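Atoms within each ligand, like the ligands themselves, are counted from 1 in listed order. Along the sequence shown, residues carry numbers from 1. Keep in mind that this is a model prediction, so the values were computed, not measured.
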Amino acid sequence: MKIVIGNDHAAFEMKNTIKSYLEDKGYEVMDVGCHSENRVDYPEYAEKIGDTVASGAADLGIAICGTGVGMSIAVNKVRGVRAVCCSEPYSAKLSRMHNDANVLCFGARVIGPELAKMIVDEWLNASFLGEHHTARVEMIKAIENK
Ligand code: RB5
């Protein structure tokens with residue numbers, strides 16, 4: 001599975017932690033930056049992550065900023081993206097199972113690295129359940145295409 005990961009300056013260290021964690025588990029990780037703690041604007045990286053997922057160049061995306069909020073708002077503007085911002089594993093898991101979320105966002109200033117790893121694990125190990133959830137995801141797509 002190919003995962004695109006991106007961050008702003010507030011999440012540079014967290015991005016490196018999660019990237020190494022995923023690579024150690026055998027995932028192919030595409031890092032779209034940023035690559036230092038110099039101040040940047042998170043929408044730029046959100047757009048790169050969203051475009052990479054929406055085009056199919058990656059299967060899933062992970063977007064990290066200070067709170068996860070800015071990244072999630074911005075990446076959800078990309079057609080085809082269903083991003084979730086969460087700080088605990090239950091919502092992360094259910095976002096895959098019920099909402100077919102394809103981008104995970106969280107805040108490096110909100111949670112620590114071990115909780116972040118647990119959230120990432122639950123999210124990646126869950127699968128979309130389909131059935132009646134499919135119609136709801138189609139309704140979301142219809143709003144997007146209005
Ligand atoms: C950067 O200071 C901060 O605003 C950003 O990382 C993020 O939290 C935005 O939502």
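Hydrophobic clustering (side-chain heavy atoms under 4.5 Å, transitive across Ile, Leu, Val, Met, Phe, Trp, Tyr) groups M1 together with I119.
Looking at D31 and K19, a side-chain N of the basic residue comes within less than 4.0 Å of a carboxylate O on the acidic one, giving a salt bridge. At a threshold of 4.0 Å, the pair D8-R39 does not count as salt-bridged, since none of the basic side-chain nitrogens sits closer than that to a carboxylate oxygen. Salt bridge annotation for K2-E28: present, with a cationic side-chain nitrogen under 4.0 angstrom from a carboxylate oxygen.
The NE2 atom of H9 sits 8.5 Å away from atom CG of D41, with the distance rounded to the nearest 0.5 Å.
Side chains of Y42 and N7: no donor on one and acceptor on the other come within 3.5 Å. For S91 and E88, the side-chain atoms include at least one donor-acceptor pair closer than 3.5 Å.
Ligand 1 places these atoms under 4.0 Å from at least one heavy atom of A10: 6 (O). The G66 neighbourhood of ligand 1 comprises atoms 5 (C), 6 (O), 7 (C), 8 (O), with distances under 4.0 Å to a heavy atom of that residue. Short contacts between ligand 1 and H9, defined as distances under 4.0 Å to a heavy atom of the residue, involve ligand atoms 1 (C), 2 (O).
Residue, atom and distance of the protein heavy atom nearest to atom 10 (O) of ligand 1 are G70 N, 2.9 Å. Among all protein heavy atoms, the one lying closest to atom 9 (C) of ligand 1 is Y42 CE2, 3.5 Å. In this structure, atom 2 (O) of ligand 1 lies nearest to the protein heavy atom R109 NH1, 3.3 Å. Nearest protein neighbour of atom 6 (O) of ligand 1, counting heavy atoms only, is D8 OD2, 2.5 Å. The protein heavy atom nearest to atom 8 (O) of ligand 1 is T67 N, 3.0 Å.
The parts of C65 lying near ligand 1 are both backbone and side chain, judged by heavy-atom distances below 4.0 Å.
The protein does not reach atom 4 (O) of ligand 1 closely, with no heavy atom under 4.0 angstrom from it.
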